[in-house]
Engineer: 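Structure in structure tokens, see below.
The figures here come from the full heavy-atom set of this structure, side chains too, leaving out hydrogens, waters and symmetry mates.
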Amino acid sequence: MAPSNAKGSTYIQVDVHYDGMFSPIPHLIYYLNQKTSITDVDFGGLNFKEFIHVLEDVTKGKCPVVYYCLGHKSMRDGLTPLKNDDDYRRFLDVAHGNEGKINVYIDHYNDSVLDWIEEEKEEKNVDSESSDEDKDSVMSDALSVDHEPDEEVIPLTKSDDPFLNYISVVPRDEFVDEDDDSDNGTKEAPIYPYHDSTQKWDTMQPILGMRFCNPQELKQLVSNYAVANGFNLWYEKNDKTRLLVRCCKTSEGKAACPFRLWATWMSSEKSFQIKSLRNEHNCARTFKFGSVVTYSWIGKHFVNDILENPKLSCREMRDKVGEIFNVKVSVGQCRNAKKFALNEIEGSLNTHYEKLWSYGAEILRANPGSTVKIGTDTMPDSTIYFSRMYVCIKGVKDGWIEGCRRVIGVDGCFLKGICRGELLSAVGRDANNHIYPIAWAVVAVENKETWKWFLNLLLKDINMGNGAGLTLLSDQHKGLIEAVKERVPDAEHRQCARHVYANFKKKFKGAAYRKLFWRAAKATTVQRFEGLMKEIRAIDVQAYDHLMERDPKSWSRAFFVLDRSCDAIENGICESFNAAIVHARKKPIITMLEEIRRFVMDRMYCKRLKGQKWNLAICPSIRKKIVDKRKHLRYWYVIPSGVQQFEVRSVHEVYAVYLNQRTCACRGWQLSGIPCIHAMAAISYLNENVEDYVATWFTTEMFGNCYKYTINPLNGSEMWPSWEGQPMLPPKRKRLPGRPKVNRKKAASEKEGRHTISKKGAITKCSICREPGHNKITCPLSKEGPSTKAKKKKGKHVPDVEDESEFEIEEMDEVENEYESEIEELAEDGDEPDQGQVDEQVEPAVEPAVEAVEAVVEPDEQVEAVVEPDQEQVHEPDQDQVHGPVVEEPAAQPVVEVEQRAQPLKRKRKYSERITKVALSRVVNTKDGCGLSVNKPVTLE
């Protein structure tokens, strides 16, 4: 009996069976389930709803229908529903009567379990009654009975619904009652289920008699079953005709667990079947699997992940395998798994390129009048490789022709996924000043030839000829600039000012340059532009020449063509489109093109519905610009001079405004199509509505014309027109020299993302010789030149005999710094001294330094004591040798110990010479350059 206290608390053991299903054939059972036990909950203090919440927390899912049954009873006799508080109290009483143990079953599919129980009970009663009947009541075998022919069974198409796939594992209509005898008195063979490979991997379980297409399908199930439950399965026999699986292999090669699965080919049909199964385990969970978890099993589970992120590293994959499957695998397995997944993707990638012809034909079928062009490269062996593809749909180009300004942004972006190449796009601006994709193309490389091909098809679709009346915005790609000059000679070509400034900043940095450049780019008059460029020229002539060489007509508003209703100096409209399809650019080519088409199709439909709800004369974004400009009206004073002619003045600015001509001397109104602040001041002076003076391109009527056309939907890939030509292969990959770059190359104007300022691009200055271009480590005057020693490990530094020179050199640095200021004062003297004066100025600064060096480099007595009497000692140089080139007399038979102890002396003498050089090099005549030079060797005489 479970423990219970006076307050009614009850602790019982509830075995919960979930994620399974009921089946009435051959008798009521609950199979393919998971089981967990609850022993730490006080069920006596809960009501029915709270009990259901506990079950949902344990099973991590909904519990629509709940049954309970005692363990020693069959489901037909003991299964009872649990629906309300009264049933819950009876449930607790039944559990107390069974020593505090009871089973709970969750019906996730709301089957008619109670009806099946009644039918099973009736069948049992009928069977017992029929056994007592007289044999004469049985129908005579001689009686002729006509039977209806069997209906032809039509196989069902598999659905994507996981519930339908789950049920299809064990078809109920295929079961035959074993007690049902045929006319000849023999039992029919039972019909066993087929394996459903679309079932979720962690719900797969082996079932006796289950049939498979081949042994590989069964091995996949065994791997999933082992990983999901943590069973250490292994193959005792594994070949093309048989498979024997056991659990927990011992050192003697035997199984330590009762689990056993035996499968072979069926003799009556072409199926691989589980012939015997003992599904019992007494082993603990394992996290390392041998031959069951192979690299191919890992690769199949990570195909989609690698398709999304081809640069997924092996270590990241190993961590993900451990996180998702709770399995420990090696980096080598993950490396092979990635190769396997890439091979799988490559196979599907070839299929994508083979079906490009059918995809293009389907677009033309559903949207007559569209343009789809596919270019290929034919090799000498007649192999066809993909080169480029252009798509422009009929409804899109018609909307641009009727409702968009004659301004188009063109740009290219890289494909991020398994497909290599670039995506070229042409994007317009609708009446609300938002993106309007017109055409897109996939090319192998972005160059002059591909851009010329793209522009040629684009201009034919939008009927713009050689570009008269058209404005193109782009970056500074050389191939695009040349293609525009050749193919669109009559069009205005604007270059993105942000790209111009990014290149300008590489050579000329500073806040002053930045401020003046953007003012010049946004200047609407030539006079204003020239004034700002003079300021840049006053700072640096080379900066002025650099900008003038970039053709200001392409990046400054002062030279833009009027009446285009667009004053944009940046190609941000294309950047917005590229950002909107960034995820599509990681997919295979047809998937990417389909996502772009669906994005444009859905956008056109939503924009049309949105525009129909506007009760406005002009579009909302244009109205917002007008509202923002009105805040500055109080700074302008209006003086009328005639009919709709005004002089608008501020403190230092005066502009003439002609409302009847819709012009302003600042040219801002003519460029943008929206009244500038001066025109708004004049319109407000007349108490008229500013929106009446906005260009017609920004009206809601033009917005409706943009999106009144539609893109017709396409059918699935199974219904695309067939293509009988030679299949097309993916473009060949060109391996560039060097290691492939992982991160995007950031522009010079982009932030580094640091908490301190970056020293990137800064000119270093040496702290020894004070010369730019290097530091003290690579300085030619350093003690031993550039260091080639390996870095020492961190830790407590214990100096040895050779390390004594490090401390002494630090003392020399202090000596140099002490007299540095005095030497620099001598160098700043402007008088031109004669040679005697130079000596008089040098001597006070040099002598203390030399004396300090002599005190440091004086050989101690310990070195002399080490030398043996019969060996020649190392001679110490005199004063002249200290300040001149050091020359040492070689010892006839030097002792190793003596040479080791003498090394610091050599470094001291060398460093004393360096200090003398530095001291003398600071005394320089600044007027005519006479004096001592640091580049010349200097010695004291």
Side-chain angles (χ1 to χ4, degrees), residues 16-25 29-36 59-64 105-111 153 155-175 190-231 233 235 243 245 247 259 261 263 266 269-275 277 279 281 289 292-294 296-305 307 320-321 324-327 337 340-341 344 348:
V16 183
H17 303 261
Y18 62 99
D19 283 351
M21 58 186 302
F22 287 99
S23 176
I25 301 174
I29 58 173
Y30 190 81
Y31 65 100
L32 298 179
N33 63 292
Q34 299 186 30
K35 177 184 174 182
T36 185
T59 61
K60 306 299 182 183
K62 296 294 183 181
C63 300
Y105 299 90
I106 310 300
D107 183 9
H108 298 280
Y109 309 113
N110 198 13
D111 292 325
V153 179
L156 297 177
T157 304
K158 290 184 179 180
S159 173
D160 293 333
D161 190 346
F163 166 68
L164 297 178
N165 291 334
Y166 189 80
I167 289 185
S168 65
V169 176
V170 184
R172 290 174 180 155
D173 55 351
E174 293 185 2
F175 280 102
I191 301 178
Y192 294 105
Y194 288 99
H195 170 62
D196 182 15
S197 58
T198 62
Q199 189 179 355
K200 192 177 179 181
W201 74 272
D202 55 354
T203 60
M204 292 184 178
Q205 290 190 4
I207 299 176
L208 181 63
M210 181 173 284
R211 293 175 284 182
F212 302 84
C213 296
N214 47 54
Q216 285 71 27
E217 276 194 356
L218 177 55
K219 291 179 183 178
Q220 186 74 11
L221 180 142
V222 169
S223 300
N224 294 334
Y225 172 68
V227 173
N229 299 277
F231 297 141
L233 304 183
Y235 299 116
L243 189 67
V245 185
C247 185
F259 177 85
L261 184 149
M266 298 179 64
E269 60 179 88
K270 190 64 175 177
S271 296
F272 197 76
Q273 187 182 39
I274 299 177
K275 297 296 183 64
L277 174 64
N279 199 355
H281 293 273
F289 303 88
V292 173
V293 177
T294 61
S296 60
W297 182 87
I298 302 174
K300 289 178 181 178
H301 284 277
F302 275 84
V303 169
N304 293 333
D305 297 83
L307 186 61
K320 279 193 172 185
V321 170
I324 297 174
F325 303 105
N326 203 10
V327 176
F340 177 85
E344 292 287 325
S348 60

Engineer: Mind checking whether Gln220 and Trp297 have side chains closer than 4.5 Å, heavy atoms only?
Structural biologist: yes
Engineer: May I ask you to test the Thr294-Lys219 pair for a side-chain heavy-atom distance under 4.5 Å?
Structural biologist: no
Engineer: Any side-chain heavy atom of Tyr225 sitting closer than 4.5 Å to one from Asn279?
Structural biologist: yes
Engineer: How long is the span from the CD1 atom in Ile29 to the CE atom in Met21, to the nearest 0.5 Å?
Structural biologist: 9.5 Å
Engineer: Is there a side-chain contact between Gln34 and Asp202 (heavy atoms, below 4.5 Å)?
Structural biologist: no
Engineer: At what distance, to the nearest 0.5 angstrom, does CD1 of Ile274 lie from CG of Leu261?
Structural biologist: 4.5 Å
Engineer: How long is the gap from NZ on Lys200 to CG on Asn224, to the nearest 0.5 Å?
Structural biologist: 12.0 Å
Engineer: Is the shortest side-chain heavy-atom distance between Pro206 and Leu221 below 4.5 Å?
Structural biologist: yes
Engineer: Taking ring-ring contact (aromatic ring centres under 6.0 Å, His included) as the definition, give me every residue that meets it alongside Tyr105, ordered by chain and number, with sequence neighbours left out.
Structural biologist: His17, Tyr30
Engineer: For the atom pair CZ (Phe325) and CD1 (Ile298), what is the distance rounded to the nearest 0.5 Å?
Structural biologist: 8.5 Å
Engineer: Can a donor-acceptor pair be found, under 3.5 Å and without considering hydrogens, that links the side chain of Ser223 to the backbone of Val293?
Structural biologist: no
Engineer: Can you give me the closest heavy-atom contact between Val321 and Phe302, atom names plus distance?
Structural biologist: CG2-CE1, 3.4 Å
Engineer: Provide the closest heavy-atom pair for Gly299 versus Ala341 in the form atom of the first, atom of the second, distance.
Structural biologist: O-CB, 3.8 Å
Engineer: Quick one: list whatever passes side chain to side chain contact (heavy atoms under 4.5 Å, CB included) with Thr36, sequence neighbours left out.
Structural biologist: Val16, Tyr18, Val58
Engineer: Rounded to the nearest 0.5 Å, what separation is found between the CE atom of Met266 and the OH atom of Tyr192?
Structural biologist: 9.0 Å
Engineer: Atom NZ in Lys62, atom NE2 in His108: separation rounded to 0.5 Å?
Structural biologist: 13.0 Å
Engineer: Quick check against the 3.5 Å criterion: does Gln273 have a side-chain atom that pairs as donor or acceptor with the backbone of Arg211?
Structural biologist: no
Engineer: Search all heavy atoms of His281 against all heavy atoms of Cys247 and return the closest pair with its distance.
Structural biologist: ND1-SG, 3.8 Å
Engineer: Restricting to side chain to side chain contact (heavy atoms under 4.5 Å, CB included), what partner residues turn up for Glu217, sequence neighbours left out?
Structural biologist: His195, Phe212, Cys213, Asn214
